[in-house]
There are 2 protein chains.
Amino acid sequence: MADKKIPKATARRLPLYYRYLRFLHEAGKERVSSAKLSEAVKVDSATIRRDFSYFGALGKRGYGYDVEALMNFFSKTLNQDRLTNVALIGVGNLGQALLNYNFRRNNNIRISAGFDVKDDLIGTIHQGVPIYDINEMVDQLEMQQIDVAILTVPSEIAQEMADKLVKGGVRGIMNFTPIRVTVPKEVRVHNVDLTNELQTLIYFINYYQDFGQNTEPEEDDNPLNDLFYND
Amino acid sequence: MADKKIPKATARRLPLYYRYLRFLHEAGKERVSSAKLSEAVKVDSATIRRDFSYFGALGKRGYGYDVEALMNFFSKTLNQDRLTNVALIGVGNLGQALLNYNFRRNNNIRISAGFDVKDDLIGTIHQGVPIYDINEMVDQLEMQQIDVAILTVPSEIAQEMADKLVKGGVRGIMNFTPIRVTVPKEVRVHNVDLTNELQTLIYFINYYQDFGQNTEPEEDDNPLNDLFYND
DNA sequence: GAATTTTATTGAAATATTTAACAAATTTAA
DNA sequence: TTAAATTTGTTAAATATTTCAATAAAATTC
């Protein structure tokens, strides 16, 4: 692995590259260029080459990239060569949808334990995943050595649950609650805030009509392309 | 008021500010400082002040910001002063969870129509939302003047559905499929890729910890950079 | 009412990220 | 075999974003 610092923006794109490489591999493709990749993942080809270059020279000039080799490289880089167990905290509405979602299908990630407070859920098995009492959470997390959790509980108990997760040794939290939880700096939190997403989208379509991703042939110059927000 | 362009990074944080202002208002608070806000939303106070300043002088020196006034300002800015109807394309696993999710509770956003191919869904009402045949989609979108859609269909038909959405006049798409759809540049797509999220999280906890980069002040992290790839 | 404190605003500096440009390596075609 | 075409890797430039520092205004305290 490269000993240079990987920019966060680059890190966030890696799964995207990885997924498309898997697709190409499955389709029997042996080589791919940054230009072709760019088309599929909608990231500028210069950015792709720049991203790859942080990891060293992965391609060949005049040739492109070897699909299988690159796929394997990213598989390792993304820890997809070993199974990652994930805990689901809160088996409610969204939680159950995520259980069904089945991350494992194309990935070495699976939800291996669920936790809830509801008596009628505790002790049951959903989609093959056992649901435990939240009181057992710290113990179970330690015992099962789980270090990633998905947090889908009511806002009111989000921080409390985050504290328990930290106590249980979890190092990464995917937080679906709108609360920005406080955790020690060595624990990583990714927030997925669906309401925020929608509001931002609505804001953008009203004020930034020009910046949508465009991959279609450029129409002629649109004065809106330099629209400024005035109010 | 400022006639400067609002940075996208700023725009993405607006809903976060808005939500916390609503909370403060409900709690009867009349004023708030950028420092206090910073604590709750986990964004550096300097960034908050800078963000606000793009919209003009919203606060008072030595005092802070008037909660109600600021809340109302953002309400307008985020179009929360009028109802936004959203279409749900694909009433499956995740789709139904989103129907239950009920964006409307604290927001002027509601899913007002669902679309699917399954006969047993078509014609039914879920959470008060009528489900239509996907063949009626273009017509219904036009008739109901819906301009935002949530896309939760199987990958294979993601592009096809996106095309229909565009034809129906939709200007914003929240895309839960892993496919990066191609749309005209005036249509905005926000990608929410749950598998990507998890993989990135796993990458971060493994890679960035090994390299000791977890001491950055940003550890609580700028949550809003996590989701979007299409900028 | 003067002194002190708080805190927004603003411009500038520091970081981070994306895009552009192009030499070097390789492949392909003639 | 050689010339043309392709495509990477990398440096530099351009953008975008965040953070810092200086200042000024308002509010509070004494």
(message) Measuring from the side chain of Arg50(B) (C-beta onward, heavy atoms only), which nucleotide among dT18(C), dA12(C), dT10(D) has the closest atom?
(response) dA12(C)

(message) Quick check for you: among dT19(D), dT18(C), dT19(C), whose closest atom lies nearest to any side-chain atom of Arg13(A)?
(response) dT18(C)

(message) Does dT18(D) have OP1 or OP2 under 4.0 Å away from a side-chain N or O of Thr47(B)?
(response) no

(message) Can you identify which nucleotide, out of dT19(D), dA8(C), dT17(D), has its nearest atom closest to the Ser33(B) side chain?
(response) dA8(C)

(message) For a quick check of understanding: with a heavy-atom distance under 4.0 Å over all strands, which category does Phe52(B) fall into, base, sugar-phosphate or nothing?
(response) nothing

Contacts under 3.5 angstrom, residues 61-68 of chain A side chains, donor-acceptor by atom type, not counting sequence neighbours:
residue: Asp66(A); atom: OD1; partner: Glu68(A); partner atom: N; Å: 3.3
residue: Asp66(A); atom: OD1; partner: Ala69(A); partner atom: N; Å: 2.8

(message) Return a single string for nucleotides 22-30 of chain C, one symbol per nucleotide in 5' to 3' order, where B is base contact, S is sugar-phosphate-only contact and - is none, cutoff 4.0 angstrom on heavy atoms.
(response) -BBBBSS--

(request) Kindly point out which of dT7(C), dA12(C), dT17(C) is positioned nearest to the side chain of Lys8(A)? (result) dT17(C)

(request) Provide, to the nearest angstrom, the distance between the CG atom belonging to Leu37(B) and the C1' atom belonging to dT6(C). (result) 16 Å

(request) Determine the contact category for Ala46(A): base if any of its heavy atoms lies under 4.0 Å from a base atom, sugar-phosphate if only primed atoms, P, OP1 or OP2 are that close, otherwise nothing. (result) base

(request) Using only side-chain N and O atoms of Tyr65(B), determine if any of them is under 4.0 Å from OP1 or OP2 of dA26(D). (result) no

(request) List in chain and number order the residues that pass salt bridge (Lys or Arg N to Asp or Glu O under 4.0 Å) with Lys164(B), two or more places apart in sequence or in another chain; answer none if no residue qualifies. (result) none

(request) Just call it for Ser34(B): base, sugar-phosphate, or nothing, with non-hydrogen atoms closer than 4.0 Å on any strand. (result) sugar-phosphate

